[in-house]
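Since the structure comes first, as structure tokens, the remarks are kept for the end.
These values consider heavy atoms only, across backbone and side chains, with no hydrogens, waters or symmetry-generated copies.
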Amino acid sequence: MSIRKLCSNRLIRPLDKTFCRYYSQRKLTNAEIRKKRNALFEEEKARQLSLVTRIEKIEVKYEGHPEPCTLIMNKGLSTPYHCTMHLQELLMDRSVVAKVNGQLWDMHRPLEEDCTLELLHFLEKKPFASNNTFWRSMSFVLGHILETGFKEDIRVDLCSFSRPNVRSGSFVYDANLGTATTDYTINESVLRGLSAIGYRLGAQKLPFEPLYVDVALAEKMFVDNPYKLQQIPSIASKSESKSHVKVYRMGEHIDISNGPLMSSTSHISNFRVTAIHPIMTGYGMLHRVQGLAIPHPLKLHHWAFDLLDERASKLNVEAAYPYLRQEEESEILMKE
């Protein structure tokens with residue numbers, strides 16, 4: 001018998017009615033929220049694909065290694081990653097983000113018209129765009145780690161992560177880690193456990209799938225998160241259409257980001273959650289989770305990584321909220 005039928009039963013005892021009211025008002029766990037968001041993501045992705053009723057061809061002029069060429073791809077279906085499949089396996093593995101008609105473009109975002117295509121990676125002479133994309137993607141990964149790294153009775157609500165700032169020494173994600181309602185201690189053991197999740201993602205090679213959704217669907221996806229729900233109208237107002245929000249899916253984790261994000265988690269090599277600091281923000285008390293990672297093609301001795309870890313563990317005061325007004329920037333309560 002369903003909960004609704006159970007609650008409508010006239011023979012139910014008062015105690016059971018109390019249970020029904022509690023059940024209908026209880027907070028979903030992070031696992032239940034992920035399942036709901038994924039169902040909405042899949043439904044919208046299928047709907048958008050169904051709008052492509054006729055396959056049109058476009059010319060993609062590739063510029064780069066091993067040689068320039070022109071590819072004939074499918075409008076609204078083919079992505080830069082699909083283009084690498086026609087070029088070289090090396091490009092499939094090392095490409096972090098694309099440039100389409102001179103603009104940064106997600107590797108898994110469909111191409112919309114005749115265009116030029118460049119593929120960016122970490123070993124370029126000036127890998128600024130690739131590094132920023134990696135940094136931004138690592139903040140996104142932190143969100144996944146926080147939603148999956150704690151016991152199910154600890155409800156984690158993600159707030160926001162800052163724009164890439166490599167000079168700060170760490171990427172960050174600010175979140176409510178449920179310490180107000182659950183008695184647990186954040187210590188070195190917790191940091192090691194969270195770090196292990198990020199380290200394993202490199203072997204899983206999970207793609208970052210972008211999807212543009214309208215405000216109504218975005219609010220439906222994040223109705224269980226008070227911070228994201230408050231941010232959505234502002235995010236949409238800054239988009240090109242003024243009415244859409246860009247979300248990404250990595251595995252089962254879905255979050256909001258303007259992007260672009262890197263092609264997949266295969267680019268992650270060394271990874272570590274370095275610190276968790278309590279801070280006061282415009283949203284109230286949150287935790288600033290900080291991390292450090294090295295891209296896969298780059299090699300770094302462990303002692304050098306430990307030195308970077310020491311710096312990355314210090315409270316990152318340079319991180320700025322992407323969706324808050326300046327007067328709502330965080331005020332630090334606790335410092336090491």
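- Closest of all the heavy-atom pairs between Met262 and Met138 is CE-CE, 3.3 Å.
- A donor-acceptor contact shorter than 3.5 Å is absent between the side chain of Asn131 and the backbone of Val166.
- The two residues Arg109 and Pro80 have their closest heavy-atom pair at O-CD, 3.2 Å.
- His144 and Glu252 form no side-chain donor-acceptor contact under 3.5 Å, judged by distance and modelled atom types alone.
- Here Ser78 contributes atom OG and Leu71 contributes atom CG; the two are 9.5 Å apart, rounded to the nearest 0.5 Å.
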N/O donor to acceptor pairs below 3.5 angstrom from side-chain atoms of residues 219-226, sequence neighbours left out:
residue	atom	partner	partner atom	Å
Asp224	OD2	Lys36	NZ	2.6
Asn225	OD1	Tyr227	N	2.9
Asn225	OD1	Lys228	N	3.0
Asn225	ND2	Leu158	O	2.8

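- The distance between the ring centers of Phe161 and Phe171 does not fall below 6.0 angstrom.
- Residues Ala312 and Ser170 approach most closely at O-CB, 3.7 Å, considering heavy atoms.
- Between Lys99 and Glu63 there is no salt bridge, since none of the side-chain N atoms of the basic residue sits less than 4.0 Å from a carboxylate O of the acidic one.
- Ring centroids of His86 and Tyr62 are separated by 6.0 Å or more, keeping the two rings apart.
- Side-chain rings of His253 and Tyr248 stay apart, their centers remaining 6.0 Å or farther from each other.
- A salt bridge links Asp306 with Arg272: at least one charged nitrogen is closer than 4.0 Å to a carboxylate oxygen.
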* Between Asp106 and Val97, is a side-chain contact (heavy atoms from CB on, under 4.5 Å) present by the stated rule, with each step listed? -> CA-CA 6 Å; Asp106 292 287; Val97 67; 5.6 Å; no
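- Listed here is the closest heavy atom pair of His108 and Pro210: O-CD, 3.7 Å.
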